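Since the structure comes first, as structure tokens, the remarks are kept for the end.
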Amino acid sequence: IHSTYMYFAGSVGLTALSAVAVSRTPALMGLMMRGSWLAIGATFAAMIGAGMLVRSISYEHSPVPKHLAWMFHAGVMGAVIAPLTLLGGPLMMRAAWYTAGIVGGLSTVAMCAPSEKFLNMGGPLAVGFGVVFASSIGSMFLPPTSAFGAGLYSVAIYGGLVLFSMFLLYDTQKVIKRAETHPLYAVQKYDPINSCMGIYMDTLNIFMRLVMIP
């Protein structure tokens with residue numbers, strides 16, 4: 001569990017560095033700011049591809065490619081959140097502190113809660129994710145000034161904030177359960193990088209929504 005959270009902290013640090021680097025490179029910022037379908041599609045493909053690449057490499061047998069893929073994934077996520085830096089440093093810092101508070105509090109709750117209390121939320125969370133994802137896509141096309149557009153935007157932001165907070169409880173308990181029940185002499189060693197991916201993505205989603213809350 002300790003090594004999982006060390007990698008989680010490393011992911012957050014690398015993402016922050018990547019976001020700052022991209023925000024100071026006009027060409028890359030221009031690419032990330034482009035709202036075309038091609039740019040959005042390429043971004044999604046890069047995020048999903050990088051995530052799948054990290055999970056597919058063995059931590060035990062290919063440690064160097066595994067760490068390179070992990071760093072690449074954090075870099076891609078940093079590029080994705082780089083346009084948010086245009087909202088200003090103070091706002092980003094406030095959101096970062098709020099995120100740290102939420103993640104710290106929820107992680108503590110998940111660790112102290114009775115075993116598997118939150119592990120049964122998989123089904124409802126999947127449904128909630130579908131609703132929030134559809135709202136996020138819908139709010140891209142409908143202006144927030146229209147009543148329906150504003151409603152979708154609220155669901156995407158506030159609903160997403162609640163949803164990913166619940167996901168964090170679920171993923172934290174999953175990490176603890178996996179670490180505790182992983183056999184000591186298993187064929188595959190425990191993989192802290194794969195284990196931290198869920199918590200990391202939840203944290204990033206919470207942060208992005210806190211930045212966007214007016």
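Bear in mind the structure is a predicted one, so any value in this text is a computation, not a measurement.
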### Summary
Contacts of Tyr7 meeting ring pair (Phe, Tyr, Trp, His ring centres under 6.0 Å) (sequence neighbours excluded), chain-then-number -> His67, Trp70
### Query
Quick one: CE on Met201 to NE2 on His73, what's the gap to the nearest 0.5 Å?
5.0 Å
### Query
Residues in side-chain contact (heavy atoms from CB on, under 4.5 Å) with Thr99, at least two apart?
Val103, Thr203, Ile206, Phe207, Leu210
### Summary
Residue set satisfying side-chain contact (heavy atoms from CB on, under 4.5 Å) with Thr15, at least two apart, ordered chain then number -> Ala74, Met77, Ile81, Tyr200, Leu204
### Query
Is Leu68 isolated, or which residues cluster with it under the ILVMFWY side-chain rule of less than 4.5 Å, directly or via members?
Val64
### Query
Which heavy atom in Gly75 sits nearest to a heavy atom in Ser18, and how many Å separate them?
O-OG, 2.6 Å
